[in-house]
2 protein chains.
Amino acid sequence: MPGRPPSMLDLARRLGVSRATVSNALRGKGRLSPELAGRIRALAAELHYIPAHAGRALRTGRSATIGLIVPDFGQPLFPIFAQAIERAAKRRGFAVLVGDSLGTAEGQAAEIDNLIGRGIDALVIIPTRGTTVEAGSQPVPVAVIDSAATRGNTASSDHRDGGRQVAHHLADLGHRDVLLLAGPTDSKVARERTAGMVEVFTAAGVAPQVRHSTTSFEAGAEIGAAVDPAGFTACAAAYDALAIGFVTALTARGVRVPQDISVTGFDDLVWARIVSPPLTTVRQDLAAIADHALAVATGERQGSRLFPVDLVLRASTAKPRHKNQHLTGGAS
Amino acid sequence: MPGRPPSMLDLARRLGVSRATVSNALRGKGRLSPELAGRIRALAAELHYIPAHAGRALRTGRSATIGLIVPDFGQPLFPIFAQAIERAAKRRGFAVLVGDSLGTAEGQAAEIDNLIGRGIDALVIIPTRGTTVEAGSQPVPVAVIDSAATRGNTASSDHRDGGRQVAHHLADLGHRDVLLLAGPTDSKVARERTAGMVEVFTAAGVAPQVRHSTTSFEAGAEIGAAVDPAGFTACAAAYDALAIGFVTALTARGVRVPQDISVTGFDDLVWARIVSPPLTTVRQDLAAIADHALAVATGERQGSRLFPVDLVLRASTAKPRHKNQHLTGGAS
DNA sequence: CTGTTAGCGCTTTCAC
DNA sequence: GTGAAAGCGCTAACAG
């Protein structure tokens, strides 16, 4: 066993050619006889030659690596996002260095510096709540995954339209008394989702009660345990976890979903299908967003893009009880 | 704005010293006057000098980067694992390049080659089901996260003991008719968990029925929908998702958990606390496993280690109905 | 069509 | 205490 892996020079010497020729043969550049190229490639395969990445990176100034910064891998949506981004990157020949902001602005800034120092060619970032990443502020191209409210090269779902779709659905069912679980005030995404809902409800003459909180299951459960169920017939949450927490607390109190109260979420997490009742929610097209983020990061495309979202109808929404009774009463 | 970031040579020239001196000053090596070292560091900070990673990697032969290969980021446990590993790596000054096996042996092999080619210093791998990774087969140190059945440098939970704890718990409650959702036959982890359960049940004179399937919620639901609930009083699953699917299907059929049937899972996913009823399950110490994997990968420690797991008691397990009636009957 | 040369930015002897 | 020189492995320009 040789102590260290074979280098290009080793190949070149064994064949009596120069390193440049080996380089050309292996990468199909330059012009050289097919016969020689074949011999070189055969030897490379035989010796398990693997090009040293550091040498290439140093010479070309590029590393074929992108950095990905997520707010918190512990939250359910981000790993799925990361997976979509990893695939989009691999498709383009890029590897992914990951950084976790730990949910703080300082963590995010530290990760940016760390990844940049490691020579990434581009940065894809899902900003932590309350932070903004300027596209031009870094020495590498930056693609931001966030909301339409973010400036620069962003890839994002049309969160506002998702809010509109939810509100339309509930308003069409006849709900007039609505509780809005709007999530954190410092999240652009949450604000967009909420704004879309408020927009449609207002146009329909409905004035929803708005409650802010974190995005967690626990926050939803807390509100669900404290709220007066007689005060509304529908609850629209800006996050699935909030909605599911809310439903769980309500169910524990004997309130039935959707018979007594309809509930909606956002994101279509795996668990939205699984909970009882399955949750009406909004699905993002993560693959499309990831692809655009990578296209921007690698310079294939420029500019921001907004991706449509789909309302997924499930069993957690129905006509309001009140309304049903009213209609029945009117008909009899 | 300068076209490209400052290099060590730029610093050296501006101060009229050599590159070696700058290198020494920045890294506190070599002996040089504190005064000069201070001036060098001040200038470096002022110019936002960031050492070029590729240059250092080429020279030292090490990249301060580890590769992490997971079977599937879409499954709930792996992202949490990845997060723990990312933190353990950062603590040691390593960054993490991630690869997703896409659940296949070929995908895993391709990722290994890809990451090795990128010059990682070590590899941490959570093997895809049915695959084995030999520690010595790669040109870099490899740490495997899996089961005690894996040879080489592995970090793993004591899955078998987790199985024993679950079985003890159920046997102590009085269950004699038990259904085992054993998961996939080609997963070492699933086999260990199942073996632990079978071991204790057998010693207690209980012969569980064993069912194999994938690890998914859907597989659990399918079994729950098809099974005869009169055939057993407890169901022990090798994965939380299996257990939760099973409970969901059972509940839909009007079977009550835990009154009619007790159910247990494995892994303590976030959702185990959230479902109704909250699931009795087994928790792994992910942080400790991640830390050992990194210690092995970086050469701090050697050898395999097995980490204890904890049985988490929640509301999905209770004494069997039969038993209760029998006791009541006997007392009256 | 192929080989020579130079140099990416850094660290590490070793000489002053 | 400090500097000079060499070289990690690769590729781009140019010369043959």
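In what follows, chains carry the letters A, B, and so on, assigned in the order in which the sequence lines appear, proteins first and then strands, with residues in each chain numbered from 1.
A salt bridge between B:Lys188 and B:Glu192 is absent, with no side-chain N of the basic residue lying under 4.0 Å from a carboxylate O of the acidic one. A salt bridge links A:Arg301 with A:Asp291: the distance from a Lys NZ or Arg NE/NH1/NH2 to an Asp or Glu carboxylate oxygen falls below 4.0 Å.
The distance between atom CG of B:Leu9 and atom P of C:dT11, rounded to the nearest whole Å, is 13 Å. A straight line from CG of B:Asn24 to C1' of D:dT2 spans 9 Å, rounded to a whole angstrom. Spacing between atom CZ of B:Arg56 and atom C1' of D:dC10 amounts to 20 Å, rounded to whole angstrom units. When rounded to the nearest whole Å, the span between CZ of B:Arg118 and C1' of D:dC10 equals 15 Å. Atom CD1 in A:Ile40 sits roughly 14 Å away from atom P in D:dC10 (whole-Å rounding). Regarding B:Arg62, its CZ atom lies at a distance of 17 Å from the P atom of C:dC10, rounded to whole Å. Between the CG atom of B:Leu26 and the C1' atom of C:dG9 there is a distance of 13 Å, rounded to whole Å. One interatomic measurement links the two molecules: CZ of A:Arg13 to P of C:dT2, which rounds to 21 Å at whole-angstrom precision.
Phosphate proximity of C:dC10 to B:Tyr49: present, with a side-chain N or O under 4.0 Å from OP1 or OP2. Between A:Thr21 and C:dG3 there is a side-chain polar atom (N or O) within less than 4.0 angstrom of OP1 or OP2.
At a threshold of 4.0 angstrom between heavy atoms, the contacts of B:Gly16 are confined to the sugar-phosphate backbone, with no base atom among them. B:Ala20 comes within contact range of at least one nucleobase, with a heavy-atom separation under 4.0 Å. Using a 4.0 Å heavy-atom distance criterion, A:Leu58 is classed as a base contact. Using a 4.0 Å heavy-atom distance criterion, A:Arg19 is classed as a base contact.
Expressed to the nearest 0.5 Å, how far CZ of B:Arg305 lies from OG of B:Ser156 amounts to 11.0 Å.
DNA chain D is contacted by both B:Ser33 and B:Arg59; B:Ser33 maps to the nucleotide lying nearer its 5′ end (nearest heavy atom per residue).
In terms of heavy atoms, B:Ala12 sits closest to B:Ser18 at CB-C, 3.7 Å. Scanning all heavy atoms of the two residues, the minimum distance from B:Asn153 to B:Val142 falls at CB-O, 3.7 Å.
Taking only side-chain atoms of B:Ser18, from C-beta outward, the nucleotide of C:dG3, D:dG3, C:dC10 with the closest atom is D:dG3.
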